[in-house]
Amino acid sequence: MAVVTVHNLRKAFGRVQAVNGVSFEVEEGELVTLLGESGCGKTTTLRLIAGLEENDEGEIILRGEVVSDPARSKFFPPEKRKIGMVFQSYAIWPHMTVFENVAFPLRIRRLPSAEIRKRVGEVLAMLGLKDLASRLATRLSGGQQQRVAIARALACDPAILLMDEPLSNLDAKLRERMRFELRELQRRFGIATLYVTHDQAEAMVLSDRIIVMKDGHVEQVGTPQEIYECPQSQFVSDFIGMANLMTGEVIEWEEGLCRLLISGNSRELIMYAKKGSNSGPVLVLIRPENVEVNEAEELPSENTWPALVEVGAYFGDHREYILRDGNISIRVKTGPRVILKRGEVVAVHIPRESPVLVGHGF
Amino acid sequence: MIRLRTVASTGLLVLVVLLVLPPFLMLLVGSFWGGAPGAPGQISLRSYIQAYTSPHTYQVLLNSILISFSKTCLAVVWGVVLAWLVTRTDVPFRRTMEVLIPVPFFIPALFTTFAWILLANPHNGLVNQVLTRVFGPEFSPFNIYSYGGIIFVMALGSTSFVYILTFGAFRGLDPALEEAARACGAGWDKTFVRITLPLVAPALLGASILSFIRGIEAFEGPVLLGTPVGIYVFTNEIYRAITFYDPPQYGVATALGMTVILITFILVFIQWCILGERQYFTITGKGYNPHTIRLRGWRWPAFCVFALYFLLAVVFPVGQLVASSFQRTVGVYGLELMTLDNYRRAFSEEIVLRALQNTLILAIAASSLGVLLSALIAYVTTRTQFWGRRLMELISWLPWTMPGIVLAVGMLWAYLSIPGLSVFYGTLGILLIAFVMKGLPLGVRALSGTIVQVDRELEDCARVHGATWMQTFWSIMLYLIRPGMVAGGMLFAYITVRDLSTPVLLYGYGTEVLSIAMLQFWAESKPQIVSVLAVVMLLLLMILSGAQRWLLIKGEPLEESEAPVDKEVAGQLTGT
Ligand SMILES: Nc1ncnc2c1ncn2[C@@H]1O[C@H](COP(=O)(O)OP(=O)(O)OP(=O)(O)O)[C@@H](O)[C@H]1O
Ligand SMILES: [Mg+2]
């Protein structure tokens, strides 16, 4: 049974439809990320699940119990939902010590004080905060505050943990380290987690599954690999990683193969693809790292096009170039030693297995 | 779906409506009623006709506007010069001045007015005595019982008020703007008029309008200085209509009261249009701009502007009342005549003990009830989606348009004519309700200002982790807004301790407060006892302000200990 089930969730603020028909599930022990551009409704979705906002339509089911369903006038306030939540600002209460912050959820539930001490001690130890217990919560570094927020969210053993961009207030180096630490922690507690971020690299590192959102609806749900390798829409392919997107016309389907005519430069492309129903224009995605660049002598051969070098940049561990062929510009990623001169003509080779048809299924 | 939160908010709205609207509505009804409160009558325009066919009323209107306008001009010039000196020039003792100029603002108008009567009355005023001794018996120039006297005494508090309101604008000014003018060859006088003044004009205009409103609403100066010589403005005229006639002229009083409310409404509206969003500011701030203007030979003359102000507004009044509280006969002073008799006599009077007790009870009750109510209202209006929140905000602001005396007339009407409410009449209860109501607009503002600064997620976080709405309010919100709570609580206490205009029509035998006791002893020609009580009132206010500092420093885990204070919060405190 899923820990969280969200069905056809909708929420409008005045005329802004912040969440517009979102459905997904989070399974036991899973870390699921809500990923999308700023303003696409991630935070609102999270707040709806927490009960901090009331949905206009749709159902929210936590551990098999319907906690919100306007159609049946059902709404559990946040305190009845038994969740843990980490806020973007951490929301550490400045008038309490670290210990009191973490103990708050337990005190509210009127646990005996001996048990509170024991439980808080355990959680603080798990997060390496033992020595800070009596510190005033405002006298902590960003990373420490974040840990306190997590400790507090975990203190009362919630079935689900909600996190809203918990790393966005940290500096770049710390943020990168914390990604792995968070992942490790979530595994250790084995707690189902719904994580909001707009940083795709973060989503890739952390997630079991990613939910890509756009304008209040779900664009695609899948493992990081599925999302990256088989995006289901132009938006997803563009949003996750770098992408060369081209439109083409299917000439014919052979067994397991597809022969295309690319629109921008009128060249032929052969790629592996299961036969689909679409015969009209299709969208082809080729990742920059899957394009090979060779000497111009290689021409002509299969899937090999001449291209003009327009710009190049050095990144230390790799180089990137933008090449042009007709109306198509192709971005390629090469090793750091591959040096192409501006204005030079090279041969671009696209192996059969590199391109994918966007929105074509797996 | 009906939530507990909606129910609670609705309950609060009902409470606010029941608290604020009866006096307000009954004042309106009363002005058309014709009869006395609770007595039969019929709806008519008689009161308005009676009031507005009498030429006396127009004299009153003219007096009100003239007096308030003059004292505003005086206060603005004085206050602005002081603010400019402290923030922009190299006048000596700037730091000391910065601390001392706000002091008169915390001295009750009642205190200053009594003091100046003793200092400058034509018979035995100390200033006049000194002058006669120096220049001969014919030279006794000052008569405080005059237009000039009223304007002067009211301007003393207002100057400090204008200073506080414009200080921030002056200090926030980028010195480079003035330096640029100096570089272009303008002297400091031209720079002040052409550059500095226009830049602070919005703040100045806002402060002037507020000062003018407070002038229209002032009671102590007009009633003590104007009434004896027949100078009437709205407030002492309303007081006279009710207390000097038998039967009391309730009709005229309410008709005049409605006029004052109308004037205030219009002025507040203008002020809102001018100030727009810039409603909040901080009284005290950190940091100090480098002074830009070297006064050279004018340094000491400039200091004298301050010295004169501080002498007139603080040293003379406080010195006079402290001195006369230790003297057997007012008007005759000498070290060898020092006595504690006045204190002994004052504290053997039953009414003094009663007034002191009542004042303390009311101050404590009004500040705790008032601040709690303000916090709840501020919370609901700023943090919830409650349907009636705009309405609640508006209603809680309404008492702002009522001067104390008008509020008292409205209360009289409501509590005498609405069946069931009359049990409160003549009890401490009615005074408590009046003080809570009077402080409400500022209390709500002070707390709204604090609440909007609290990050929303701090609350959400408590909700998610199991706390109900009420538990969150009690265990999180109340702690986080403590600076605002302390400031708001003190506001109610200050108003209760120093105000005369509200209790003057509402007290009964046994429910006298300190200001009422002072008025009674004054009427009985016992200025020594009045002096004693004035000193006690000042001590009480000093203890309060000490308590406020202590509370803020003691329970302050947050870095910032300075609550934002609304301009109008400052305005109410002066009472001038
Ligand atoms: N309380 C609110 N009142 C009005 N509009 C709101 C409110 N909260 C969110 N919105 C609007 O709803 C939309 C979705 O907002 P939301 O905060 O969910 O975006 P987000 O995906 O979390 O963005 P970000 O990455 O910037 O945090 C936005 O257009 C926002 O302006
Ligand atoms: Mg967000």
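Distance alone, capped at 3.5 Å, is enough to place a donor-acceptor pair between the A:Glu30 side chain and the A:Glu27 backbone. Here the side chain of A:His7 pairs no donor or acceptor atom with the backbone of A:Ile60 at under 3.5 angstrom.
Between chain B and the residues A:Arg152, A:Arg107, A:Lys80, the most heavy-atom pairs under 4.5 angstrom are made by A:Arg152. With chain B as partner, the option from A:Ser89, A:Gly84, A:Ala50 having the largest number of non-hydrogen pairs under 4.5 angstrom is A:Ser89. Comparing B:Val464, B:Thr472, B:Thr468 by how many heavy-atom pairs each has under 4.5 Å with chain A, the most go to B:Val464. Among A:Ala153, A:Pro77, A:Gly51, the residue with the largest count of heavy-atom pairs under 4.5 Å with chain B is A:Ala153.
Seen from the ring of B:Trp400, B:Arg445 does not count as a face-on cation partner, given the 6.0 Å and 45° thresholds. For the pair A:Lys11 and A:Phe13, the distance from NZ or CZ to the six-membered ring centre is under 6.0 Å and the angle to the ring normal is within 45 degrees.
Contacts between A:Leu52 and chain B at a heavy-atom distance below 4.5 Å involve the side chain alone, from C-beta outward. Looking at A:Arg109, the atoms closer than 4.5 Å to chain B (heavy atoms on both sides) all sit in the side chain, from C-beta outward. Looking at A:Phe104, only its side chain comes within 4.5 Å of chain B, counting heavy atoms on both sides. With a 4.5 Å cut-off on non-hydrogen atoms, A:Arg47 touches chain B through its side chain but not through its backbone. Proximity to chain A (any heavy atom under 4.5 Å) is restricted, for B:Asp455, to the side chain, taken from C-beta onward. Only the backbone of A:Ile92 has a heavy atom closer than 4.5 Å to any heavy atom of chain B.
Sparse packing is recorded around CZ of A:Arg110, with 12 or fewer heavy atoms of other residues, nucleotides or ligands lying under 6.0 Å away.
Counting only heavy atoms from C-beta outward, the side chains of A:Glu59 and A:Lys74 never approach each other to under 4.5 Å. Side-chain atoms of A:Met178 and A:Leu170, non-hydrogen and from C-beta on, do get closer than 4.5 Å to each other.
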